[in-house]
Enquirer: 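Quick one: the structure is below, questions incoming.
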Amino acid sequence: MTRLVAGALLCLACGVACAQPPEPPPEAVEGDYTLERADSVAAGEVEVVVGAAGAGGARARGSRRVSFRGGGASGTIREGDDALAGGRVAAPFARGTLIAGRLAPRWGQGLLLGGAADPWARTALDRGARARFRGRAGEGLAYESGAGAWVAGRFDGAALAAVRGRRGPYGAGVVVARAQAQWTGSFEEPATAFELALARGGRWRAEGAVAVDDGPFEATLRARAGTRGFRPLAEPRRAGPAHALAFSVARPFERVRAEAFGAAWRWAGGRTGARAALEVGAGMGQHGSFAVGLEQQHGARREPSPRTRPGGVRQGVWAEWRGGSPAARLSLRHELWGARAFARDAVRRAMVARFEGAVPLGGRVTVTHAVWSVRRGETLYLPEPAADRLVLRSLSGSAARTRSELALPFAGGEVHLALVWRSGGTRDGTTPPTWTVEWSRRSRLAQARADDGEGGGDALRGADGTTHDRGVVRHARARQGARGAGP
């Protein structure tokens with residue numbers, strides 16, 4: 001472990017870099033993965049969305065979504081969307097909040113409920129009330145208040161019940177499922193957090209985090225320890241490595257901002273991994289920016305099976321430029337990953353150009369063109385943002401993809417049209433184009449009450465337009481079991 005940490009520090013000192021984006025969770029299967037955004041519906045509003053999607057001459061698939069917030073209640077109901085079908089409704093109840101439908105709770109550091117954040121990621125993006133994306137841990141009923149919480153539903157295909165009490169920064173709880181029980185104790189303050197989880201057979205897991213915010217300087221340190229056989233009953237596939245250490249540092253220097261990140265971890269069976277990154281960005285005029293980075297990865301970032309071959313080193317370098325005005329913006333990014341130093345012996349390469357501009361009648365057009373080349377056994381992900389979701393497109397082989405989008409005011413709302421062409425990557429070199437059509441409208445329910453303002457734990461928030469999900473290729477990994485697989 002000491003050797004891995006020293007290696008991560010050395011990589012940082014040498015200027016190794018890249019950003020920390022969303023990536024498919026451990027339970028995701030091969031292929032595309034869809035994350036649901038937290039809704040941006042304001043207090044006293046209801047949004048109705050009707051859409052359809054299809055490919056080539058195939059039959060179109062319809063979808064519907066209703067989101068609302070008012071009187072202290074909020075929720076989203078979806079139908080006809082295979083990836084995000086279902087819903088969630090939250091309402092005030094007994095000095096707390098009662099939640100029904102899809103659940104993604106997070107207690108403490110997430111060791112028992114919430115999915116502990118991977119050591120190579122800075123936080124769990126799809127668990128808890130303040131998450132940027134809505135997770136899909138289970139379904140059922142949950143109640144949350146300042147004094148504690150309880151959960152009853154189905155998680156990972158099994159019935160589950162959990163109760164937690166809180167007093168100030170201290171919390172304690174129990175989770176029962178599959179005729180087993182697990183216990184948790186935690187301490188949470190803005191700058192310090194710790195959780196200890198216990199399971200039968202003497203298995204345990206502990207994780208602590210410390211944050212420093214001293215003006216322009218920001219730093220975090222996380223450490224994890226425990227037994228190798230520990231698995232949370234709610235989400236056993238999110239157990240993660242038993243031992244890990246991670247840190248991040250960020251500091252602006254006049255117009256330049258530098259962020260460094262390092263992590264080292266160890267799986268069962270002695271398999272290890274490490275990641276080190278450094279990103280440097282600078283503003284260029286009023287609306288422009290430029291960023292460069294270099295990153296080094298080693299080892300498996302998903303729990304390896306006995307048949308998984310040892311992971312090799314992957315080093316990546318990238319550069320990204322954004323410029324223009326609010327009426328017409330252009331972004332360019334080039335990313336290269338190699339199996340040797342300075343990204344030589346390329347295994348993954350991608351170039352993406354994105355244009356956003358205003359059109360007559362109050363509309364907006366967006367065109368994204370991506371070209372990539374991926375060696376056999378490797379996979380990379382292209383983030384594809386939309387108003388209510390972020391799709392991580394799984395890419396392999398050598399191909400190009402163009403996505404054109406048009407948004408226009410229509411019938412008191414907005415209509416959104418999207419058309420996607422892809423060439424290469426198949427025997428005949430082309431695939432049928434895919435299309436989507438959506439119409440959305442927001443209406444006021446009533447005059448917003450003062451207590452419906454932002455800040456509540458169950459407020460529906462928007463999160464579109466962030467650099468993390470509008471980048472070019474934000475994460476790449478090798479398929480488990482592939483020869484010469486990297487992280």
Enquirer: Are R222 and E207 close enough for a salt bridge, meaning some N to O gap below 4.0 Å?
Expert: yes

Enquirer: Between E47 and R442, is any pair of side-chain heavy atoms under 4.5 Å apart?
Expert: yes

Enquirer: Counting only heavy atoms not in R349 (residues, nucleotides, ligands), do more than 12 fall under 6.0 Å from its CZ?
Expert: no

Enquirer: With a 4.5 Å heavy-atom cut-off, do E218 and R251 have their side chains touching?
Expert: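 No, every pair of side-chain atoms sits at 4.5 Å or beyond.
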
Enquirer: Looking at every heavy atom in both P236 and R231, which two are closest together, and how far apart are they?
Expert: O-CD, 3.3 Å

Enquirer: Can a salt bridge be assigned to the pair R376 and E378 using a cut-off of 4.0 Å between side-chain N and carboxylate O?
Expert: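 No, no charged N to carboxylate O under 4.0 Å.
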
Enquirer: Closer than 4.0 angstrom, basic N to acidic O: yes or no for E27 and R237?
Expert: no

Enquirer: Could you tell me whether a side-chain N or O of R389 sits under 3.5 Å from a main-chain N or O of A83, the two making a donor and an acceptor?
Expert: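 Checking the backbone N and O of A83 against the side chain of R389, no donor-acceptor pair under 3.5 Å is found.
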
Enquirer: With no hydrogens and no angle check, is any side-chain donor or acceptor of E438 less than 3.5 Å from a backbone partner on V50?
Expert: no

Enquirer: Should S394 and T379 be marked as a side-chain hydrogen bond (donor to acceptor under 3.5 Å, both in side chains) after you check the CA-CA gap, both sets of side-chain angles, and the distance that decides it?
Expert: CA-CA 7 Å; S394 176; T379 303; 4.9 Å; no

Enquirer: Any chance you could measure L417, atom CG, to L408, atom CG, to the nearest 0.5 Å?
Expert: 7.0 Å

Enquirer: Closest approach of W150 and L141, non-hydrogen atoms and distance?
Expert: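 Looking at all heavy atoms of both residues, the shortest contact is CZ3-O, 3.9 Å.
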
Enquirer: Below 30° counts as parallel, above 60° as perpendicular, anything between as tilted: where do the rings of F93 and Y143 land?
Expert: perpendicular

Enquirer: Where do T97 and A90 come nearest, in terms of heavy atoms and distance?
Expert: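 Scanning both residues, the minimum pair turns out to be CG2-CB, 3.9 Å.
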
Enquirer: State whether W337 and R348 meet the cation-pi test: NZ (Lys) or CZ (Arg) under 6.0 Å from the six-membered ring centroid, and within 45° of the perpendicular axis.
Expert: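 Pair R348/W337 counts as cation-pi.
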
Enquirer: Distance-only, no hydrogens or angles: does the W372 side chain make a donor-acceptor pair with backbone N or O of S396 under 3.5 Å?
Expert: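 Yes, W372 side chain to S396 backbone: donor-acceptor pair under 3.5 Å.
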
Enquirer: Test side-chain hydrogen bond (donor to acceptor under 3.5 Å, both in side chains) on T368 and R354 and set out the steps.
Expert: CA-CA 4 Å; T368 305; R354 181 184 179 92; 3.1 Å; yes

Enquirer: Looking at every non-hydrogen atom in both residues, tell me the closest pair between A131 and A38 and how far apart they are.
Expert: O-CB, 4.3 Å

Enquirer: Does any part of the side chain of R65, heavy atoms only, come nearer than 4.5 Å to the side chain of D388, both counted from C-beta?
Expert: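 D388 reaches R65 side chain to side chain.
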
Enquirer: Passes side-chain hydrogen bond (donor to acceptor under 3.5 Å, both in side chains), H369 versus T402? Steps please.
Expert: CA-CA 4 Å; H369 181 69; T402 302; 2.6 Å; yes

Enquirer: Does any part of the side chain of E295, heavy atoms only, come nearer than 4.5 Å to the side chain of F261, both counted from C-beta?
Expert: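 No, too far: nothing below the 4.5 Å cut-off.
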
Enquirer: Counting N and O atoms only, with roles assigned by atom type, does the side chain of E45 sit under 3.5 Å from a partner on the main chain of F68, one being a donor and the other an acceptor?
Expert: no

Enquirer: Could you tell me if the side chain of L332 sits less than 4.5 Å from the side chain of E320, heavy atoms only?
Expert: no

Enquirer: Is the shortest side-chain N to carboxylate O distance from R322 to E356 below 4.0 Å?
Expert: no

Enquirer: How many angstroms lie between CG in L382 and CZ in R393, if you round to the nearest 0.5 Å?
Expert: 8.5 Å

Enquirer: Begin from the C-alpha positions of E235 and R136 and carry the test salt bridge (charged side-chain N to carboxylate O under 4.0 Å, His left out) through to its verdict.
Expert: CA-CA 11 Å; E235 299 182 80; R136 53 189 92 169; over 6 Å; no

Enquirer: Tell me the salt bridge (Lys or Arg N to Asp or Glu O under 4.0 Å) pairs involving residues 360-369, sequence neighbours left out?
Expert: none

Enquirer: Would you sort out whether R422 and T431 count as a side-chain contact (heavy atoms from CB on, under 4.5 Å), showing the intermediate values?
Expert: CA-CA 6 Å; R422 174 170 173 166; T431 56; 3.5 Å; yes

Enquirer: Quick one: does any side-chain atom of W421 pair with a main-chain N or O of A400 as donor and acceptor, under 3.5 Å?
Expert: no

Enquirer: Salt bridge or not between R106 and D126? Use side-chain N to carboxylate O under 4.0 Å.
Expert: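 A salt bridge is absent here (no side-chain N lies under 4.0 Å from a carboxylate O).
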
Enquirer: Using the test side-chain contact (heavy atoms from CB on, under 4.5 Å), find all partners of E36 that sit at least two apart in sequence or belong to another chain.
Expert: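 Applying side-chain contact (heavy atoms from CB on, under 4.5 Å) to E36 gives T76, R78, L84, R102, R134.
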
Enquirer: May I ask you to decide if G75's main-chain N or O and R88's side chain share a donor-acceptor pair within less than 3.5 Å?
Expert: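 Side chain of R88 to backbone of G75: no pair is present.
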
Enquirer: What heavy-atom pair brings L395 and V374 nearest, and what distance separates the two atoms?
Expert: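 Nearest heavy atoms, L395 then V374: O-CG2, 4.3 Å.
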
Enquirer: Do V256 and V280 have side chains that get closer than 4.5 Å, going by heavy atoms?
Expert: yes

Enquirer: I'd like to know whether L103 forms a side-chain contact (heavy atoms from CB on, under 4.5 Å) with V151, so could you lay out the CA-CA distance, the side-chain angles of the two residues, the decisive distance to 0.1 Å, and finally the verdict.
Expert: CA-CA 9 Å; L103 303 176; V151 178; 4.0 Å; yes

Enquirer: Report the C-alpha separation of S186 and Q109 in whole Å, then their side-chain angles, then the decisive distance to 0.1 Å, and conclude whether the side-chain hydrogen bond (donor to acceptor under 3.5 Å, both in side chains) test is met.
Expert: CA-CA 8 Å; S186 61; Q109 297 294 97; over 6 Å; no

Enquirer: How close do W107 and A162 get, heavy atom to heavy atom, and via which atoms?
Expert: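 Answer, listing the atom of W107 first, then A162: CH2-CB, 3.5 Å.
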
Enquirer: Show, in sequence, the C-alpha distance, side-chain angles and deciding distance for R314 and E335, and conclude whether the salt bridge (charged side-chain N to carboxylate O under 4.0 Å, His left out) test is met.
Expert: CA-CA 13 Å; R314 293 290 183 268; E335 185 164 333; over 6 Å; no

Enquirer: Any cation-pi pair here, R257 with F290, using under 6.0 Å and within 45°?
Expert: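 No, a cation-pi geometry is absent between R257 and F290.
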
Enquirer: For L233 and V176: C-alpha separation, side-chain torsions, deciding distance, then whether side-chain contact (heavy atoms from CB on, under 4.5 Å) applies.
Expert: CA-CA 8 Å; L233 294 173; V176 179; over 6 Å; no

Enquirer: Are the charged groups of D118 and R238 less than 4.0 angstrom apart, N to O?
Expert: no

Enquirer: Taking only residues two or more places apart in sequence, or in another chain, which ones meet T434 in a side-chain contact (heavy atoms from CB on, under 4.5 Å)?
Expert: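 T434 satisfies side-chain contact (heavy atoms from CB on, under 4.5 Å) with A55, V420 once adjacent residues are dropped.
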
Enquirer: Donor-acceptor pair, distance only, cut-off 3.5 Å: does the side chain of R329 make one with the backbone of H287?
Expert: yes

